[in-house]
Amino acid sequence: MKATEQLRQWVKQSNRIVFFGGAGVSTESNIPDFRSQDGLYKQKYPYPPEMILSYSFFMLHPDIFYQFYRDKMLYLSAQPNQAHVQLAKWEEEGKLLGVITQNIDGLHQKAGSKNVIELHGSVWRNHCMQCRRPYRVNFILEAEGVPKCTACGGLIKPDVVLYEESLRTEDLQKAGELIGKAEVLLVGGTSLAVYPAAGLLQQYTGDHLVLINQGETPLDHKANLRIHGKIGEVLAQVGA
Ligand code: NAD
């Protein structure tokens with residue numbers, strides 16, 4: 001049986017689907033991922049992106065950080081693609097329990113998904129590091145240079161998890177619980193290279209682990225079903 005046909009059957013029979021995804025879910029919305037051929041890590045900057053996106057770099061050179069961040073991390077007008085839309089539809093139909101994402105773009109919510117765990121935070125939320133006052137993303141976009149708190153002058157930081165920072169324990173716990181409840185675990189558009197997010201898959205004990213990715217991943221051998229392809233196209237085909 002063709003892999004997409006097998007997936008269609010599993011999806012049809014289940015009302016405990018959980019989705020776990022990464023940057024590849026948003027490439028069809030024209031947001032580049034990190035590690036693909038045209039990904040962010042293949043481009044040239046005076047500093048490697050992993051360094052710019054680290055907490056210590058942010059604290060030392062917030063000016064360079066924000067230049068890079070505004071230029072390469074904010075895609076505020078991006079629209080959900082077929083993957084986001086199909087997942088939201090399955091949740092609405094009571095088939096999908098929730099989405100766990102490593103993405104920071106908010107596209108699952110834009111598509112209508114309600115139960116979304118954002119392991120790496122979101123560009124849509126920002127706060128003053130000193131007085132915790134929240135700021136909208138437009139404030140970041142429009143500020144000249146480094147955005148500073150209008151109340152106390154503190155440095156404003158996006159609520160995204162930078163390298164060297166820990167993921168929120170609460171999010172990791174919720175994600176682990178969700179995966180523990182999954183009958184069908186769909187994993188897509190992630191290189192499964194970033195821990196501890198990728199380690200969450202170990203909490204799945206079922207036998208319907210589906211990996212949908214354009215490239216290979218280090219966990220391919222664990223999958224019960226492996227689909228090479230664009231996730232938006234694949235999910236649209238499965239949901240049709
Ligand atoms: P990654 O760049 O390491 O891997 C992306 C994977 O998706 C690759 O294996 C690639 O082959 C695959 N892929 C690309 N387009 C695809 C498509 N259309 N269909 C199926 N597969 C596709 O990304 P990652 O694993 O998510 O981890 C990197 C980090 O990137 C995360 O921490 C995340 O926070 C951050 N990030 C987020 C965004 C975003 O919010 N949209 C964008 C870039 C990076």
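Indexing begins at 1, ligand by ligand and atom by atom, following the structure's order. When reading the values below, keep in mind they use all heavy atoms of this one structure, side chains included, and skip hydrogens, waters and symmetry mates.
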Taking it one step at a time, do Ser29 and Gln79 satisfy side-chain hydrogen bond (donor to acceptor under 3.5 Å, both in side chains)?
CA-CA 6 Å; Ser29 295; Gln79 291 304 315; over 6 Å; no

Numbered atoms of ligand 1 (with element) below 4.0 Å of Asn103, judged on heavy atoms
37 (C), 38 (C), 39 (C), 40 (O), 41 (N)

Check Ala193 against ligand 1 and report side chain, backbone, both or neither, counting heavy atoms closer than 4.0 Å.
neither

At under 4.0 Å between heavy atoms, what of Gln214 touches ligand 1? The answer is both

Asn103 (side chain) donor-acceptor with Asp105 (main chain) under 3.5 angstrom
no

Between the side chains of Glu118 and Gln109, does any donor sit under 3.5 Å from an acceptor?
yes

Compute the shortest N/O to N/O distance between Lys230 and ligand 1 and return yes if it is under 3.5 Å, no if not.
no

Which ligand 1 atoms does Ser26 reach within 4.0 Å, using its non-hydrogen atoms?
41 (N)

Side-chain donor-acceptor pairs of residues 132-139 under 3.5 Å, sequence neighbours excluded:
| unit_1 | atom_1 | unit_2 | atom_2 | d |
| --- | --- | --- | --- | --- |
| Arg132 | NH1 | His127 | NE2 | 3.1 |
| Arg133 | NE | Tyr135 | OH | 3.3 |
| Tyr135 | OH | Thr150 | N | 2.8 |
| Tyr135 | OH | Thr150 | OG1 | 3.0 |

Classify the ring geometry of Phe65 against Tyr69: parallel below 30°, tilted from 30° to 60°, perpendicular beyond 60°.
parallel

Under a 4.0 angstrom heavy-atom cut-off, which atoms of ligand 1 come close to Gly189?
5 (C), 6 (C), 7 (O), 21 (N)

Can you find a non-hydrogen atom of Ser29 under 4.0 Å from ligand 1?
no

Would Glu216 count as a polar contact of ligand 1, with the cut-off being nitrogen or oxygen pairs under 3.5 Å?
no

Inspect the contact between Lys95 and Glu183 and indicate whether a charged nitrogen and a carboxylate oxygen are less than 4.0 angstrom apart.
no

Is ligand 1 under 4.0 Å from a heavy atom in the side chain of Ile104, in the backbone, in both, or in neither?
both

Answer yes or no: does atom CD of Glu92 have more than 12 heavy-atom neighbours from other residues, nucleotides or ligands under 6.0 Å?
no

If you count the non-hydrogen atoms of other residues, nucleotides and ligands that lie under 6.0 Å from NZ in Lys230, is the total more than 12?
no

Any side-chain donor-acceptor pair under 3.5 Å between Ser56 and Glu164?
yes

Cluster check Ile17, Leu209: I/L/V/M/F/W/Y, side chain < 4.5 angstrom
no

Need the ligand 1 atom indices (1-based, order shown) with element for anything under 4.0 Å from a heavy-atom of Gly22.
26 (O)

Which atoms from ligand 1 have a heavy atom of Asp105 less than 4.0 Å away?
39 (C), 40 (O), 41 (N)

Check for me, please, whether Leu87 and Leu178 land in the same ILVMFWY cluster - side-chain distances under 4.5 Å, paths through other members count.
no

Can you sort out which atoms of ligand 1 are near Gly215, meaning under 4.0 Å from one of its heavy atoms?
11 (O)

For Pro32, the atoms of ligand 1 under 4.0 Å from one of its heavy atoms are 42 (C), 43 (C)

Ligand 1-proximal atoms of Ser191, by part, heavy-atom distance under 4.0 Å
both

Below 4.0 Å, non-hydrogen atoms only: which portion of Ile31 touches ligand 1? Side chain, backbone, both or neither.
side chain

N/O separation below 3.5 Å, Ile231 to ligand 1
yes

Is there a polar contact, in the sense of an N or O pair closer than 3.5 Å, between Ile212 and ligand 1?
no

Check if Gly229 has a non-hydrogen atom at a distance under 4.0 Å from any atom of ligand 1.
yes

